[in-house]
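Structure, as structure tokens:
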Amino acid sequence: MDFHLNEDDLMIKETAREFAEKRLLPNAQEFDEEDGMPQQLIDEMAGLGYLGMMLPEQYGGLGLTTVSFCAAMEEICAACAGVGILMSVQNSLCCEIIYRFGSDHLKEKYLPKMASGMVGSYCVTEPNAGTDVAGISTQAVDKGDHFLINGTKTFVTNGGQAGIFIVFAVTNPAAGNKGLSCFAVEKGFPGISIGAKEKKCGMRASDTREVSFLDVKVPKENMIGDPGAGFKMALTILNSGRIGVSFQSIGIARAALEEAVKYSKERKQFKQPIANFQAIQFKLADMATDLDAGRLLAYRAAQLKDEGKNIVREASMAKLFCSQMANFVVNEAVQIHGGYGYMKEYPVERYFRDARVCELYEGTTEAQKMTIARDLLKE
Ligand SMILES: Cc1cc2nc3c(=O)[nH]c(=O)nc-3n(C[C@H](O)[C@H](O)[C@H](O)COP(=O)(O)OP(=O)(O)OC[C@H]3O[C@@H](n4cnc5c(N)ncnc54)[C@H](O)[C@@H]3O)c2cc1C
């Protein structure tokens, strides 16, 4: 495959790097310790176009390709991966599902608001349905001119910041996975309760909550796509999300590798920098090689998406490899730092915690393997 970043991609990447180094890097530790990011930062990011990167200009977006978006994601996540998730869920899941499957009315109503700062949450997971998406029990009952939604979604990223929830619910219990539909639910609709912020191991800048819907009246026109198409849309859009998580993993791994290289040159043992030891050099070589391999897999998926190709297998391969790669790289970075790598004084401790979730959300490692194998076996 012929892959390279073009001038536009490089410019977007450079701009994101400058923003990340100035606004995120100096504050990432504080966001981690305080379990959140300030609203002012989200507003600032919206002003720079980071909340509608791939939306056409017609809807207030930057009209960028997936490849350009990914180039920016790597920079943002290398500085603060928790902020990167907000951006990933907003662009790859929430804006994208309305843009690809929503009616013209929904696109005109919500996309310009989202591009200018209205944060979205993607609500699939429930206390008793994670990997088994079709097992959700949130109900949307047809009441003539509206649906009545009842149910509870868990682990909702951006839950406390969202102005709009993309909610998957059962509209036809007898139809199995063809009985799920998807709705745009405004935060202001009566009956929504937002739970307390989850206390997480990592990605603590990101806001994760339970969101409950009690007799929430949702206008019929707020259904995204066709009735019964929810399961298919959820999986289609997750392919985009998986590319986003791949670049979260790449950003975290790159930051960890850079810290490990720096530390190995500074830290002396046996009267010389530890970088002189082959054991350390081999670790750095493996980390850099895996990082590059992951980046290539992920850009391949992004480029194929931009070309309109089917990316089920490629997106899962990228997510599978990159999330495991990030966990390998951060683990080695901690090892290279010795005991200091276990202390909050050094950022690798945060990278170590942040990387873990990349193997869990938007499909676990096992779920990616199931997807890849299913795709292979159907040939
Ligand atoms: C920080 C964070 C943010 C999140 N944000 C969101 C969000 O914004 N929106 C949202 O909808 N969800 C979100 N999630 C939920 C996430 O997508 C789920 O946690 C994930 O899909 C796994 O579901 P589960 O936790 O219920 O695990 P389970 O599905 O219960 O899985 C438990 C274990 O069993 C394995 N397993 C399950 N089924 C199989 C099988 N058939 N074969 C082999 N192994 C299997 C899994 O791989 C896993 O190892 C978030 C999660 C976290 C931790």
Side-chain angles (χ1 to χ4, degrees), residues 31-32 35-37 77 80-97 119-138 151-170 177 180 182-183 185 187 194-213 224 230-231 233-242 244-245 248-249 252 315-316 319-320 323-324 326-327 350 353-374 377:
F31 297 166
D32 180 69
D35 269 337
M37 68 187 93
C77 293
C80 182
V83 171
I85 317 181
L86 182 140
M87 212 172 112
S88 186
V89 168
Q90 173 79 0
N91 288 280
S92 310
L93 302 178
C94 298
C95 289
E96 182 139 342
I97 196 163
V119 172
S121 279
Y122 198 75
C123 308
V124 181
T125 307
E126 297 181 358
N128 294 317
T131 305
D132 181 12
V133 171
I136 61 170
S137 58
T138 294
T152 296
K153 297 293 178 178
T154 196
F155 301 150
V156 176
T157 298
N158 306 339
Q161 297 142 330
I164 188 161
F165 298 94
I166 306 297
V167 180
F168 291 83
V170 178
N177 65 18
L180 268 54
C182 178
F183 300 87
V185 181
K187 184 189 179 178
I194 318 260
K197 211 185 265 185
E198 298 288 354
K199 294 191 188 310
K200 305 196 296 292
C201 155
M203 297 287 200
R204 290 169 58 171
S206 163
D207 186 293
T208 315
R209 301 185 189 234
E210 188 167 272
V211 180
S212 298
F213 302 85
I224 301 172
F231 181 75
M233 285 192 300
L235 296 196
T236 305
I237 292 298
L238 272 179
N239 291 327
S240 303
R242 286 168 183 172
V245 179
Q248 286 168 33
S249 308
I252 298 168
S316 277
K319 202 271 187 185
L320 170 68
S323 57
Q324 290 184 320
N327 280 285
R350 173 165 53 88
R353 288 183 286 107
D354 285 353
R356 190 63 189 86
V357 76
C358 296
E359 280 201 61
L360 299 173
Y361 54 29
E362 306 208 17
T364 59
T365 289
E366 293 74 19
Q368 307 310 322
K369 290 185 185 179
M370 279 155 30
T371 303
I372 296 162
R374 201 180 304 124
L377 293 169

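Side chains are part of it too, since the values below use all heavy atoms of this structure and drop only hydrogens, waters and symmetry mates. First listed ligand is number 1; within each ligand, the first listed atom is number 1.
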Fill in: CA sep, side-chain torsions, deciding dist, call: Ile252, Cys358, side chain to side chain contact (heavy atoms under 4.5 Å, CB included)
CA-CA 10 Å; Ile252 298 168; Cys358 296; 4.2 Å; yes
Item to complete: Can you measure from CZ (Phe213) to NZ (Lys153) and round to the nearest 0.5 angstrom?
Response: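 The NZ atom of Lys153 is 7.5 Å from CZ of Phe213, to the nearest 0.5 Å.
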Item to complete: Give, for atom CD1 of Ile237 and atom CD1 of Ile97, the distance between the pair rounded to the nearest 0.5 Å.
Response: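 It is 5.0 Å, given to the nearest 0.5 Å.
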Worksheet item: Are a donor atom and an acceptor atom from the side chains of Thr152 and Ser212 found within less than 3.5 Å of each other?
Response: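 Thr152 vs Ser212: donor-acceptor pair found between side chains.
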Fill in: Ring centers of Phe165, Phe183 separated by less than 6.0 Å
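No; Phe183 has its ring centre 6.0 Å or more from that of Phe165.
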Worksheet entry | Test log, rule side chain to side chain contact (heavy atoms under 4.5 Å, CB included), inputs Ile372 and Leu320 | CA-CA 9 Å; Ile372 296 162; Leu320 170 68; 3.7 Å; yes
Name each N or O atom in ligand 1 that is under 3.5 Å from a protein N or O, and give the partner atom and the distance.
unit_1	atom_1	unit_2	atom_2	d
ligand 1	5 (N)	Phe155	O	2.8
ligand 1	5 (N)	Thr157	OG1	2.7
ligand 1	8 (O)	Thr157	N	3.0
ligand 1	8 (O)	Thr157	OG1	3.2
ligand 1	9 (N)	Tyr122	O	2.7
ligand 1	11 (O)	Tyr122	O	3.4
ligand 1	11 (O)	Val124	N	2.9
ligand 1	11 (O)	Thr125	N	2.8
ligand 1	11 (O)	Thr125	OG1	3.1
ligand 1	12 (N)	Thr125	OG1	2.7
ligand 1	29 (O)	Thr131	N	2.9
ligand 1	29 (O)	Thr131	OG1	2.6
ligand 1	47 (O)	Thr364	OG1	2.6
ligand 1	47 (O)	Glu366	OE1	2.7
ligand 1	49 (O)	Glu366	OE1	3.4

